[in-house]
Amino acid sequence: MQIYTSLDSYKGPRPVVTMGTFDGMHPGHRALLEKLKELARRENTRAMVISFWPHPRIVLEHDAEKLRLLTTLEEKTRMIQDTGVDDLMIVPFSKELADLTAEEFVDEILVKKLNILHLLIGYNHRFGKGGTSFEQLIPISHTFGFEISQFKHIDVTGLTPSSTSIRNLLLDGRIPEANFMLGYRYTITGRVTGGMKLGRKLMFPTANLEISEKAKLIPPDGVYACVVKVRGTYYGGMVNIGVRPTVSEQMDHRTIEIHILDFDKEIYSEELSVSFITKTREEKKFASLDELRQQLVKDEVEIRRILKLNGIG
Ligand SMILES: Cc1cc2nc3c(=O)[nH]c(=O)nc-3n(C[C@H](O)[C@H](O)[C@H](O)COP(=O)(O)O)c2cc1C
Ligand SMILES: Nc1ncnc2c1ncn2[C@@H]1O[C@H](COP(=O)(O)OP(=O)(O)OP(=O)(O)O)[C@@H](O)[C@H]1O
């Protein structure tokens, strides 16, 4: 897949194009891109995805710092690449871009920069100032001389996946439902940083994970059963997200700590991916480290059982 970050750099044939933010790349997004490839094959040309970065809501909304994303730009790019489309055009989203009417956007970008052959529009996709609908785009496509078509919506057991609904499930700690709607396990990736070194004393050493993308959605505080990818190998894992009230006074310092099962190697500063399976309990303040240790032993039994049910370990 060719990745473009400038609208001026595309020099290929007239492409078949679809647009959107594609946060999370859920089954609706993937089905849309399958259709895009089919149309491009039929026209013997290239399938191009136009995606915007930063997320339009981060640019346009005043409480934007609260928005949490399912995928970083890197993750989204990899998932789009995996679908087999030919081109990804990453368009920097700005207030000026949002101010263009649909007709101006079509003229200045889709026609003058890319000379598109066909625009595939998702079932609820609107663009341009005021949010122009598919029906309103039909006469515009005639004026500028390209084909336009609309893609139906895809449901997963009667529910329509959307990035917003999946974000809300994750923020509610409803991991299995979110994973079901995503079509894969929700995953966060980061680097291992140093902790207080209390973990070994507890007999549960932990890797503390640091996530560089500030906007990445982190599930709510609690204990989770997870699959952890380290050095290309997958392990079961017990994860605690929270402030560790038993051992820390810093109630505003949230950490992501992972105890990797059946693993005992030094991985400081290495990259680690955590894929969530389910939440098993809330984080609690224990009266002593010994009580915390006893709880961790119970957590391990329960998490190993869950992992086994999910075919891991
Ligand atoms: C699966 C798991 C569950 C945890 N649950 C709690 C908890 O309920 N309350 C709490 O205060 N700390 C909890 N912790 C955090 C421990 O207090 C922490 O891992 C320990 O103090 C080691 O910290 P360190 O890595 O900074 O040395 C949990 C850790 C893990 C791995
Ligand atoms: N369930 C779905 N089935 C088919 N197409 C979908 C589905 N969900 C989104 N799309 C299409 O995918 C494209 C990209 O959509 P967008 O990134 O806005 O995703 P979304 O999941 O609808 O997000 P949000 O919840 O933020 O509106 C749009 O054309 C949209 O219509």
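In each ligand, atom 1 is the first atom listed, and ligand 1 is the first ligand listed. In this chain, residues are counted from 1 in sequence order.
If you look at F204 next to ligand 1, there are no close heavy atoms at all, none under 4.0 Å. The part of V223 lying near ligand 1 is the side chain, judged by heavy-atom distances below 4.0 Å.
Numbered from 1 in the order shown, with element, the atoms of ligand 2 that lie under 4.0 Å from a heavy atom of N124 read 22 (O), 30 (C), 31 (O). Close contacts of ligand 1 with L202, meaning ligand atoms under 4.0 Å from a residue heavy atom, involve 20 (C), 21 (O). Near T160, meaning under 4.0 Å from one of its heavy atoms, ligand 2 places the atoms 1 (N). In summary, the atoms of ligand 1 found under 4.0 Å from a heavy atom of N208, numbered by their order in the structure, are 25 (O). Close contacts between ligand 1 and L296 involve ligand atoms 1 (C), 2 (C), 3 (C), 4 (C), 30 (C) [criterion: under 4.0 Å to a heavy atom]. Every atom of ligand 2 is numbered from 1 in the order shown, and the set under 4.0 Å from a heavy atom of S162 is 21 (O), 25 (O). Every atom of ligand 1 with a heavy atom of E283 under 4.0 Å away is listed here by number and element: 7 (C), 8 (O), 9 (N). When each atom of ligand 1 is checked for a heavy atom of L292 under 4.0 Å away, the hits are 6 (C), 7 (C), 13 (C), 16 (C), 17 (O).
Comment: E75 does not engage R78 in a salt bridge, judged by the lack of any side-chain N to carboxylate O separation of less than 4.0 angstrom. Using a 4.0 Å cut-off between a side-chain N of Lys or Arg and a carboxylate O of Asp or Glu, R304 and D262 qualify as a salt bridge. Using a 4.0 Å cut-off between a side-chain N of Lys or Arg and a carboxylate O of Asp or Glu, E257 and R244 qualify as a salt bridge. Residues E38 and R41 are not paired through a salt bridge, judged by the lack of any N-O separation under 4.0 Å between the basic side chain and the carboxylate.
By the 4.0 Å heavy-atom criterion, A31 is excluded from the residues contacting ligand 2. Using a non-hydrogen distance threshold of 4.0 Å, K152 registers as a contact of ligand 2. Residue contacts with ligand 1 do not include Y224, since none of its heavy atoms lies under 4.0 Å from the ligand.
The backbone N or O of F276 lies less than 3.5 Å from no partner atom in the side chain of R185, so there is not a single donor-acceptor pair. With T280 contributing its side chain and V223 its backbone, the two residues share a donor-acceptor pair below 3.5 Å.
Screening I175, V274, N179 for a side chain to side chain contact (heavy atoms under 4.5 Å, CB included) involving Y186 leaves a single residue, N179. In summary, of the residues considered (R57, K76, R167), a salt bridge (Lys or Arg N to Asp or Glu O under 4.0 Å) with D23 occurs for R167 alone. Tested against T189 for a side-chain hydrogen bond (donor to acceptor under 3.5 Å, both in side chains), the candidates S275, S273, S212 yield a single pass: S273. Checked options T160, L32, I154; the residue passing with Y123 is T160 (criterion: side chain to side chain contact (heavy atoms under 4.5 Å, CB included)).
Which of H153, H29, H26 comes nearest to atom 8 (N) of ligand 2 through a heavy atom is settled by distance: it is H26. Heavy-atom proximity to atom 1 (N) of ligand 2, evaluated over T21, I154, L32, is greatest for I154. The closest non-hydrogen atom to atom 6 (C) of ligand 2, taken over F127, Y123, F22, F134, comes from Y123. Counting heavy atoms only, R281 comes closest to atom 5 (N) of ligand 1 of the residues E300, Q295, R281, R244. Of the listed options K284, K285, E257, K284 places a heavy atom closest to atom 7 (C) of ligand 1. Closest heavy-atom approach to atom 28 (C) of ligand 1 within the set T280, I241, T206, N240: this belongs to N240.
E74 CD: 12 or fewer foreign heavy atoms inside a 6.0 Å radius. The number of heavy atoms from other shown groups lying within 6.0 Å of OH (Y184) is above 12.
L100 places a side-chain heavy atom less than 4.5 Å from the side chain of E108. With a 4.5 Å cut-off on side-chain heavy atoms, L7 and M89 count as touching.
At the top of the distance list for atom 23 (O) of ligand 2, counting protein heavy atoms only, stands S163 OG, 3.4 Å. Looking only at heavy atoms of the protein, atom 2 (C) of ligand 2 is closest to G28 CA, 3.4 Å.
For ligand 1, the polar-atom distance check finds an N/O of P245 within less than 3.5 Å of one of the ligand's N/O atoms. Residue-to-ligand polar distances place T164 within reach of ligand 2: an N/O pair is separated by less than 3.5 Å. Of the polar atoms of G122, at least one N or O is found under 3.5 Å from an N or O of ligand 2, judged by distance alone. In terms of polar-atom proximity, defined here as any N/O pair under 3.5 Å, S165 makes no such contact with ligand 2.
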(request) Could you walk me through whether T72 and E213 pass side-chain hydrogen bond (donor to acceptor under 3.5 Å, both in side chains), step by step? (result) CA-CA 7 Å; T72 63; E213 171 61 69; 5.8 Å; no
